[in-house]
Amino acid sequence: MTGADYFVPFRTKLRSMRSEPFGADPAGARLQRILNSPNFADGVFQNPLGARTRPSGSTLEFAKVYFQKEQRVRRAPTGTVPVHATTLADLAAPPATGLRLTWMGHSSVLAEIDGRRVLFDPVWGERCSPFPFVGPKRLHPVPVPLTTLGDVDVVVISHDHYDHLDLPTIRALAGTGTVFAVPLGVGAHLERWGVAPDRLRELDWNETAKVNGISLTATPARHFCGRGLRNNQHTLWASWAVSGPEHRIYHSGDTGYFPGFRDLGAEHGPFDATMIQIGAYSEYWPDIHMTPAEGMRAHLDLQGGRPHGVLLPIHWGTFNLAPHAWAEPAEWTKDAAEEAEQAAAFPRPGEPFEPAGALPVDPWWRPVSAPLAPPRWRTATADTVPGGAPVVRRDLDVAGER
């Protein structure tokens, strides 16, 4: 240790020792942009509506529920998840309608829009964790190797949590010519991992970048950030509105429900398709993730309050991140879509579809799912959810609790 080293603050030394998966803290001009942001106050980025970012209730109570053997069985498929087998062959020809979506699992979606390719929240790693030996592990393989996916015009990141920003995936993509569109502050992680600064489009909420004729706008979301035990809220989280000459799409990232979806729809919609987070919800963190009913409400808000376009449910099926049953988000979203008379797509991982064409609607998860309880907005008598209790259909209150 040199004499100069002695005067380096201890916290700075700790940060310099931090392993690569934890990323990097914003500094310099990037940090100044954060401090000047209208969405940054009292030393942290602020949500558009107040949100509890840490689990509520008793930690012991949550641990009992989460680690109970019977509950753990429910949170995983009972057999092999049927990953789509011909993804690359299906993607070989351009979409006939100009818009095609391919859900790769969790929140990772390849969107082919008006001749361009946009890859949202790509996670090809085995675990969403800073360590290769612990943390939530994949429940199904990636549909295609990342190296075979072909050129991508822009990679869009919603926020820096491990199940959305994956070090091995970013490193692989850093060696390509793609541009990265990220929320303010997230660029610090990517630069540490080898992404050149001139390939970053780092945006605050309501800022727009244009890449090869496609407009990408970072829009508000109700969530939080951080890749370490100490969360200083110095990286922003975002949803994304993406538009080309002919089509518009929306990716929610992670978010709790908030009334601002109506404003986003009025400014950027209506959308040909929305990719909406409907999994990893819990009563222990009700403000930062949406239930299927809330996801449907968000989609309708984005579409001006009426059924329009296609809803693609995301953030479910790939990683075990919450106490609910593995297939519950899909089953409940399918139910909510039917009640609202809203078109929804339920592709197998890796199955491309065009929102203007025939939609994948087969409930493929049912043969590999444990019995499911009925959705909470139903009451018992007539219909049945496969494996669950009898239920009666009634109107879905998509405007409730606003």
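Source: prediction; values computed, not measured.
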Using ring centroids (six-membered ring only for Trp), state whether H164 and H315 fall under 6.0 Å.
yes
Under the side chain to side chain contact (heavy atoms under 4.5 Å, CB included) test, residues paired with S37 that sit two or more places apart:
N39, F40, F45, L184, D204
So, T86 side chain and A89 main chain: donor-acceptor pair closer than 3.5 Å or not?
no
Just do the side chain to side chain contact (heavy atoms under 4.5 Å, CB included) check on T176 and D151 with the steps written out, would you?
CA-CA 8 Å; T176 70; D151 293 338; over 6 Å; no
Run the side chain to side chain contact (heavy atoms under 4.5 Å, CB included) check on T87 and T102 step by step: do they pass?
CA-CA 8 Å; T87 305; T102 307; 4.1 Å; yes
Are the side chains of I113 and I214 in touch, meaning some heavy atoms are under 4.5 Å apart?
yes
Between D121 and S108, does a side chain to side chain donor-acceptor pair (under 3.5 Å) hold up when you go through it step by step?
CA-CA 5 Å; D121 283 358; S108 303; over 6 Å; no
Could you check whether N47 and W237, counting side-chain N and O atoms only, form a donor-acceptor pair closer than 3.5 Å?
yes
Does any non-hydrogen side-chain atom of D254 lie less than 4.5 Å from one of H159?
yes
Keeping to residues at least two apart or across chains, list the ring-ring contact (aromatic ring centres under 6.0 Å, His included) pairs with something in residues 75-102.
none
Min side-chain heavy-atom separation L312-V109 under 4.5 Å
yes
Please walk me through it: do W103 and W316 pass ring pair (Phe, Tyr, Trp, His ring centres under 6.0 Å)?
CA-CA 11 Å; W103 179 56; W316 78 280; 5.6 Å; yes
How are the rings of H289 and W285 set to each other: parallel, tilted or perpendicular (split at 30° and 60°)?
perpendicular
Is there a side-chain contact between R222 and I288 (heavy atoms, below 4.5 Å)?
no
Under 3.5 Å, is there a donor-acceptor pair between the H247 and D272 side chains?
no
Mark yes or no for whether S129, through its side chain, and F131, through its backbone, hold a donor-acceptor pair below 3.5 Å.
yes
Between S239 and T219, is any side-chain donor less than 3.5 angstrom from a side-chain acceptor?
yes
Given 3.5 Å as the limit, does a donor-acceptor pair link the side chain of R297 with the main chain of Y257, or not?
no
Do P347 and W364 come within less than 4.5 Å of each other through their side chains, counting heavy atoms only?
no
Does R100 count as lying over the ring of F353, i.e. NZ or CZ under 6.0 Å from the six-ring centre, within 45 degrees of the axis?
no
Going by heavy atoms in the side chains, are R348 and D362 under 4.5 Å from each other?
yes
Could you tell me whether the side chain of R74 and the main chain of H324 form a donor-acceptor pair under 3.5 Å?
no
Candidate pair I278 and M290, rule side chain to side chain contact (heavy atoms under 4.5 Å, CB included), full reasoning
CA-CA 6 Å; I278 51 86; M290 292 189 292; 5.9 Å; no
H161 ring center within less than 6.0 Å of F224 ring center:
yes
Check whether any side-chain heavy atom of W240 sits under 4.5 Å from a side-chain heavy atom of S252, and report yes or no.
no
Side-chain donor-acceptor pair present, H140, T318, cut-off under 3.5 Å
yes
Once side chain to side chain contact (heavy atoms under 4.5 Å, CB included) is applied, do any residues pair with T148, and if so which ones, sequence neighbours excluded?
L88, V144, P145
Do T97 and E354 have a side chain donor and acceptor closer than 3.5 Å?
yes
Check the pair L311 / M296 against side chain to side chain contact (heavy atoms under 4.5 Å, CB included), numbers first and verdict last.
CA-CA 8 Å; L311 166 69; M296 178 58 62; 3.6 Å; yes
Between Y250 and Q303: side-chain donor-acceptor atoms closer than 3.5 Å:
no
Are R52 and D287 within salt-bridge range, i.e. N to O under 4.0 Å?
yes
How about N36: does its CG atom have over 12 heavy atoms from other parts shown lying under 6.0 Å from it?
yes
Does E202 come within less than 4.0 Å of R33, counting only side-chain N to carboxylate O?
no
Is a side-chain donor or acceptor of R201 paired with a backbone partner of D198 at a separation under 3.5 angstrom?
yes
Side chain of H251, backbone of S107: donor and acceptor closer than 3.5 Å?
yes
Row check, F180 ring normal vs R199 NZ/CZ: under 6.0 Å, within 45°
no
Is the closest side-chain heavy-atom distance between P48 and W205 below 4.5 Å?
yes
